[in-house]
Undergrad: 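Sharing a structure with you now.
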Amino acid sequence: MKHSCIHWFRKGLRVHDNPALKYALHDCKHMYPVFILDPWFPKNAQVGINRWRFLIEALKDLDSSLRKLNSRLFVIRGVPREVFPRLFEEWKVTRLTFEVDSEPYSQKRDKEVMDLAKQHGVEIITKISHTLYNLERVIEENNGKAPLTYVRFQTVLNKIGPPKRPVPAPTREDMKGVSTPSSETDKENYGVPTLDELGQDSTTLGPVLYPGGEQEALRRLDEYMQRTNWVCSFEKPQTSPNALKPSTTVLSPYVKFGCLSARTFWWRLAEVYHGKKHSAPPVSLHGQLLWREFFYTAAYGIPNFNKMEGNTICVQVDWDSNPEHLAAWREARTGFPFIDAIMTQLRQEGWIHHLARHAVACFLTRGDLWISWEEGQKVFEELLLDADWALNAGNWQWLSASAFFHQYFRVYSPIAFGKKTDKNGDYIKKYLPILKKFPAQYIYEPWKAPKSIQEQAGCIVGKDYPRPIVDHDTISKKNIQRMKAAYAKRSPDLSDGSLIPPLGTSLRCNFLRVPLV
DNA sequence: TTCTCAGTTGGGAGA
DNA sequence: ATCTCCCAACTGAGA
């Protein structure tokens, strides 16, 4: 039997290493590549304009790649549970293929669609290609629990072996006998949207620094993989958070959307490493892909992973609610130039270095402002091109010392940390031009500059640039003590992992150990 | 059970 | 410049 098949793109916006797409072409007569866009989403979801632009570019690129294969992309407006029954009928669909997506939201959505497909007699084929490994298998190999340390995670992966090799992109040969019926009205109805259509105000946009799409992803991968020595000696902690040009690959947005396959990336690195001395996980480029996998596994295995309450691995902390401080952080007016420069780069460009993320995350949470990591998570979710559910939640827990990382007495200084890699403050001057005439001596602490120097610099602290909203030295010491208290409240029953409360149980039930009055 | 050890990337003083 | 030690002391994992 020759199938009429829908391949549903969600993440995995690529033709290379796309096993579900490849499978769709087997015994296939009519092939419909589909991306579904809920018009409700752009106005309500936490997606900033930079990421919308990236997505649109990725969809255009995907459409163009599919057209080279005599096919095209259908961007369908609607919600999956309403869209699919209509498409199943209209296109007489017999098979649906898509890539496995491990996020809770996606799992629920996909379950609904799979039920609908069954009702319509549509065969469902799913393939794992967003992650290096089958996450369930990793958890199984670790006795049913997600590994909570990187070393443990590596041990488990060593048992499983290297990830699968990527599958090649479909060719014209694979497309023999396969067609994509498409009418003139389809062209109008199912085109790639514009920012206008998504209700985004494109006048606020900066230049395109990281164009979306698979072609650009592969070009960028090639560019970096040619730098053999750089790749082999790459150590993440040695890269600079405040370089004027990114000190790392900035492939993360491409991996997030699946414009670049993690397995393709992993095996290309293996080729570069082959026969040479090279760095190793956790600091190597391989190590970076494993960090992604680590958090994907944890996010899959731990309920309520993006929340504090009901999250069994997350320390329960009495975070403050402070809308003024939160707004100052979000809007780059904390009065700490290093922090404000990073938050400015984040908003303008959609990407900041991993260590820059450390600095601002520590500042917002346990370091200075004592505001919940969930608030920071929301802001990153909106502004980062590479915002990824599992990585965002995992790293915020890490930096706030809520899970994975527990040495809460190690606090990033908003003054000292940036100086290590940018003594003159060039990065600050780039993103906060108001400070550009400050001498290097005061660039990280402009409030300490004498009045005369402030006048000379044409920037009066408290008037042209904010005074620091907290005193770091005193507040960070106080916060370490608050953190100590939060850790002390943890129930021993839970911290040893032997008694995991049932799903949805808040750790607040610990307080039941205290006699109820 | 109890202990030891290591943990992606802190800051600061002093050699 | 680069290293070591101290700060105060956490956790998960394994012996």
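Protein chains get the first letters and strands the later ones, always in sequence-line order, with residue 1 at the start of each. Since we're looking at a predicted model, the values are computed, not measured.
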Undergrad: Kindly point out which of C/dA13, B/dT9, C/dT11 is positioned nearest to the side chain of A/Thr149?
TA: C/dA13
Undergrad: Side-chain N or O of A/Lys420 less than 4.0 angstrom from OP1 or OP2 on B/dG11?
TA: yes
Undergrad: Taking NZ, NE, NH1 and NH2 as the nitrogens, is one of them in A/Glu216 or A/Arg219 under 4.0 Å from a carboxylate oxygen of the other?
TA: yes
Undergrad: Salt bridge check, A/Asp386 against A/Arg292: does any charged N sit closer than 4.0 Å to a carboxylate O?
TA: no
Undergrad: Evaluate whether atom CG of A/Asn229 has more than 12 neighbouring non-hydrogen atoms of other residues, nucleotides or ligands under 6.0 angstrom away.
TA: no
Undergrad: Would you indicate which nucleotide in B/dT8, C/dA9, B/dG11 comes nearest to any side-chain atom of A/Lys484?
TA: C/dA9
Undergrad: Between A/Thr421 and A/Tyr427, does a side-chain contact (heavy atoms from CB on, under 4.5 Å) hold up when you go through it step by step?
TA: CA-CA 10 Å; A/Thr421 41; A/Tyr427 173 84; over 6 Å; no
Undergrad: Could you tell me the separation between the CD atom of A/Gln481 and the C1' atom of C/dC7, rounded to a whole number of Å?
TA: 12 Å
Undergrad: Counting just side-chain N and O atoms, does A/Arg152 come under 4.0 Å of either OP1 or OP2 of B/dG7?
TA: no
Undergrad: Nearest to the side chain of A/His406 - C/dC10, B/dT8, B/dG10?
TA: C/dC10
Undergrad: Taking atom C1' in both C/dA9 and B/dC5, what distance in whole Å separates the two?
TA: 14 Å
Undergrad: Roughly how many Å is it from CZ in A/Arg490 to C1' in C/dC10, rounded to a whole number?
TA: 9 Å
Undergrad: Take atom P in B/dT8 and the same atom in C/dG14, then report the distance between them in whole Å.
TA: 13 Å
Undergrad: In this structure, how many angstroms lie between the C1' atom of B/dT8 and the CG atom of A/Leu355, rounded?
TA: 9 Å
Undergrad: Between B/dT2 and C/dA8, how far apart are the two C1' atoms, rounded to whole Å?
TA: 22 Å
Undergrad: Output the rounded distance in Å from OH (A/Tyr487) to P (C/dG12).
TA: 8 Å
Undergrad: Measure from the side chain of A/Leu148, starting at C-beta and using heavy atoms only, and say which of B/dT8, B/dG11, C/dA13 lies closest.
TA: C/dA13
Undergrad: Rounding to the closest angstrom, what is the interatomic distance between B/dA6 and C/dT4 at atom P?
TA: 15 Å
Undergrad: Using purine N1 to pyrimidine N3 plus N6-O4 or O6-N4 for Watson-Crick, or N1-O2 and O6-N3 for G-U wobble, both under 3.5 Å, which nucleotide pairs with B/dC5?
TA: C/dG12
Undergrad: Tell me: CH2 of A/Trp398 to P of B/dG7, nearest whole Å?
TA: 11 Å
Undergrad: Any carboxylate oxygen within less than 4.0 angstrom of a Lys/Arg side-chain nitrogen, looking at A/Glu445 and A/Lys419?
TA: yes
Undergrad: Among the nucleotides B/dT8, B/dG11, C/dC10, which one has an atom lying closest to any side-chain atom of A/Ala416?
TA: B/dG11
Undergrad: Starting at CZ of A/Phe405 and ending at P of B/dG7, how long is that distance when rounded to a whole Å?
TA: 13 Å
Undergrad: I need the NZ-C1' distance between A/Lys477 and B/dG12, as an integer number of Å.
TA: 11 Å
Undergrad: Measure the distance from CG on A/Asp368 to P on B/dG11 and round it to the nearest whole Å.
TA: 12 Å
Undergrad: I'd like to know whether the aromatic ring centres of A/Trp447 and A/Tyr465 sit less than 6.0 Å apart in this structure.
TA: no
Undergrad: Select base, sugar-phosphate, or nothing to describe what A/Phe417 touches, counting heavy atoms under 4.0 Å on all strands.
TA: sugar-phosphate
Undergrad: Roughly how many Å apart are B/dT1 and C/dA13, using the C1' atom of each and rounding to a whole number?
TA: 15 Å
